[in-house]
Enquirer: 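Below are the structure tokens for one structure; questions will follow.
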Amino acid sequence: ELCRVADLAEFIRLAHPDPDFALAAQDACIEVSALVENLNTNLGIYSALKRSVEDGDRFPETEVDKRVAKLFLQDFHQCGIHLGEQERQQVVGLTDQILRAGQTFSANCQVPRAVNGSVLPKQLHGQFQKDGDNIIVAGHHLDSPSDLTREAAYKIFHWREEEQEAVLTQMLEDRAALANLCGYKTFAHRALSYSLAETPESLQQFHEVLGRGLPERVAQDHAAMLRMKRKTNPSCQPLAVWDIPYFNSQAKANWFKLDIEKVSEYFSLGVAMEGLNDLFQSLYGVRLAVERTEDGELWSPEVFKLAVLDDNKLLGHIYCDFFTRPGKPYQDCHFTIRGGRQQHDGSYQDPVVVLMLNLPPPGWRTPTLLSPSSLDNLFHEMGHAMHSMLGRTKYQHVTGTRCSTDFAEVPSTLMEYFAADPRVLGRINKHYKTGESLPADVIEKLCASKQVFSGVELQAQLVFSVVDQVYHGGVPLRGDTTAVFEEVQNQFHTLPYVPNTAPQLRFSHLVGYGARYYSYLLAKSVASAIWQKNFQDDPFSSTAGKRYRDECLSHGGGKRSLSLVSDYLQEDLQPCQLSAALLTEVDNKNIIVHNLSKL
């Protein structure tokens, strides 16, 4: 019941357009949090749970019972309940300091940088905002066709800032102290316990194998980017880190000569939702049906409600809040409103989730049309939703996406593979006026455009994934955080570190994903392995879909993530195998891109 109240209140606090509702929800969040904090320090509950885990329960237990009990016990230990009174107070103090430092660090990540105009060539002054004699650099300017503008923006925006360095260092030291107090070797060990990665040591192997395999593949991408750079500026400097995003986006936009606005006319929101319904019926045997709502049920009139049905048996509900509106959080996300669970009377509490996107609302003459990236986001978030809908767990604590962060991203990332497959998009497109379908060669090029320079994107993610692990792998660090970043950049990236810059000081994910930023990279490797082994031959296979539903999605967090994936793939997974799956995928994508772009 606490979860149901807390989850609903948190959603209303963030998303309700009426400030009175949002304020009331905030009050509810505070009250529930206080009650949960009180229960988290209840020695009676903790002692009974500890005896049950260590000595066995008085009643028969399933493996799921045992796992959930251990997860609850871990939650207690991470709060320091097993410590003496003085140490518990230290845990409370450190937790508060970490929260405040995180808020400060995140806010500073977005602060523009002001420099005197005299430090920049005059021809660049018009590229940035001005405040008197100062030039204001508010971002990377990655879309600028000027090599010099991108270079200046990168170096100024990422210039080392001692105060932000001190905030990050203090946060890392406090996290290390918190982890040590609670009995963990490092904060990374604390964060990775009961995860898909399981240990920092295992994750390090994954990073190292990927780090060794990417450079030769990325070298081809960088050579292509340098050719593009020289076409616009024959006397240009060598390729640098500030060039990568620009030429990446240029290649995706221009190599296949696609008119993205015209292509989007074939992907209206209605057509995409019908296509997803068709895909889910083929894979899982479930269908989506729009359901009427009661007065007062919705927080905004454009929200619609979907019932998820399996042979007319209700599995749960998805509320789709898809359109942008004033005051709405600008993020694409999945909220669990009510988790699924087995109830005492034997019935099942059906899950309820909300999917939030920020799509343009339909106009008088045109429906909402999806760009390729919007289509990817829709598929990604629907992957989360179906994880919640198809999970059939005994306990709400481990329902659907309530599993380790790294495994929670696997089903959603896997859906992106479907969104990039020509056979799937070939069935999910129809012009909103004529009803015609896109030619097969255009579909092929659209899918190929999503695969350009895939190794480059992996390498950029790898650097920050490794940096995050090193930062949380114990203090003191080998030098300050910038020295660590320089060392990792030079080891894991093909292009060298840029002197006097500190990109980590703009990386807000270090707050929300402390020691877990690797999750997207690992989830992609697992999703890639699942796709290659089970769906690559036939993305509509009901046999593969049913097995994936029964053996992966149904368990939520009720089964050890690594065992779940290993059992499903029918092999004892090692870090090197997951890295190999990603490298094989890069090779396959490069072949497709090369053949279609005729480079």
Enquirer: Could you state the interatomic distance from NE2 (H555) to OG (S561), rounded to the nearest 0.5 Å?
Expert: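 So the NE2 of H555 and the OG of S561 are separated by 11.0 Å.
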
Enquirer: Main chain of R516, side chain of D468: is a donor-acceptor contact present, judged purely on distance under 3.5 Å?
Expert: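 The answer is yes, because a donor-acceptor pair under 3.5 Å joins these two groups.
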
Enquirer: Can you check whether Y417 and F535 have ring centres sitting under 6.0 Å from each other?
Expert: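 Between Y417 and F535, the centre distance exceeds or equals 6.0 Å.
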
Enquirer: To the closest 0.5 Å, what do you measure between NE2 (H158) and OG1 (T482)?
Expert: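 If I round to the nearest 0.5 Å, the distance is 12.0 Å.
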
Enquirer: Could you check whether R160 pairs with D480 (Lys NZ or Arg NE/NH1/NH2 to Asp/Glu carboxylate O, under 4.0 Å)?
Expert: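 Yes, charged N to carboxylate O under 4.0 Å.
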
Enquirer: Is the shortest distance from a Lys or Arg side-chain nitrogen in D75 or K70 to a carboxylate oxygen in the other one below 4.0 Å?
Expert: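 Between K70 and D75 there is no salt bridge, as every charged N stays at least 4.0 Å from the carboxylate O atoms.
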
Enquirer: Look at K50 together with D55 and state whether they make a salt bridge at an N to O cut-off of under 4.0 Å.
Expert: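 No, K50 and D55 are not salt-bridged.
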
Enquirer: Would the distance check show the side chain of Q342 and the main-chain N or O of G346 forming a donor-acceptor pair, the cut-off being under 3.5 Å?
Expert: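 Yes; at least one donor-acceptor contact below 3.5 Å.
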
Enquirer: Has T336 got a side-chain atom pairing as donor or acceptor with G339's backbone, closer than 3.5 angstrom?
Expert: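 Not at all, since once roles are kept as given, no pair shorter than 3.5 Å links the two residues.
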
Enquirer: Could you walk me through whether L288 and M382 pass side-chain contact (heavy atoms from CB on, under 4.5 Å), step by step?
Expert: CA-CA 11 Å; L288 310 175; M382 284 299 292; 4.0 Å; yes

Enquirer: Any donor-acceptor pair under 3.5 Å linking the side chain of R506 with the backbone of V111?
Expert: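 Yes, because the side chain of R506 sits within donor-acceptor range (under 3.5 Å) of the backbone of V111.
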
Enquirer: So that I know where these two stand, are Y46 and H77 an aromatic pair - ring centroids less than 6.0 Å apart?
Expert: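 Centroid distance Y46-H77: below 6.0 Å, so yes.
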
Enquirer: Is the closest side-chain heavy-atom distance between D350 and M389 below 4.5 Å?
Expert: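 Not touching, per the 4.5 Å side-chain cut-off.
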
Enquirer: Going from CZ on F407 to CG on L564, what distance comes out if it is rounded to the nearest 0.5 angstrom?
Expert: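 Answer for the CZ-CG pair, F407 versus L564, is 4.5 Å.
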
Enquirer: Between Y517 and H509, does the ring centroid distance fall short of 6.0 Å?
Expert: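 Yes.
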
Enquirer: Would you say the ring centers of Y520 and Y513 fall short of 6.0 Å from each other?
Expert: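 So the answer is yes for these two rings.
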
Enquirer: So do the side chains of P411 and M386 get within less than 4.5 Å of each other, counting heavy atoms only?
Expert: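 Not in contact.
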
Enquirer: Can you tell whether the side chains of K524 and D406 come within less than 4.0 Å, N to carboxylate O?
Expert: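 No.
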
Enquirer: Considering only NZ, NE, NH1 and NH2 on the basic side and carboxylate oxygens on the acidic side, decide whether K559 and D567 come within less than 4.0 Å.
Expert: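 A salt bridge links K559 with D567.
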
Enquirer: Which word best sums up how the rings of Y284 and F280 line up, parallel for under 30°, tilted for 30 to 60°, or perpendicular for over 60°?
Expert: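 Y284 and F280: parallel rings.
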
Enquirer: Mind checking whether W531 and F418 have parallel, tilted or perpendicular rings, split at 30° and 60°?
Expert: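 Ring orientation of W531 relative to F418: perpendicular.
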
Enquirer: Within 45 degrees of the ring normal and closer than 6.0 Å to the centroid, is that where the cationic atom of R341 sits relative to Y348?
Expert: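 No.
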
Enquirer: Counting the benzene-type ring for Trp, do H140 and F157 have ring centres under 6.0 Å apart?
Expert: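 When the ring centroids of H140 and F157 are compared, they turn out to be within the sub-6.0 Å range.
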
Enquirer: Taking 4.0 angstrom as the limit, do E571 and K533 come out as a salt bridge?
Expert: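 The answer is yes: the pair qualifies as a salt bridge.
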
Enquirer: May I ask you to decide if T62's main-chain N or O and D65's side chain share a donor-acceptor pair within less than 3.5 Å?
Expert: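 Yes, because the side chain of D65 sits within donor-acceptor range (under 3.5 Å) of the backbone of T62.
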
Enquirer: Calculate, to the nearest 0.5 Å, the distance between atoms NE2 and CE belonging to H472 and M171 respectively.
Expert: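 Going from NE2 on H472 over to CE on M171, the span is 5.5 Å.
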
Enquirer: If you round to the nearest 0.5 Å, how far is CG of N490 from OH of Y497?
Expert: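 If I round to the nearest 0.5 Å, the distance is 9.0 Å.
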
Enquirer: From L355 CG over to D332 CG, what is the distance, rounded to the nearest 0.5 angstrom?
Expert: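 So the gap between those two atoms works out to 9.5 Å.
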
Enquirer: Can you confirm if the aromatic rings of F485 and F464 lie within a centre distance of less than 6.0 Å?
Expert: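 When the ring centroids of F464 and F485 are compared, they turn out to be within the sub-6.0 Å range.
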
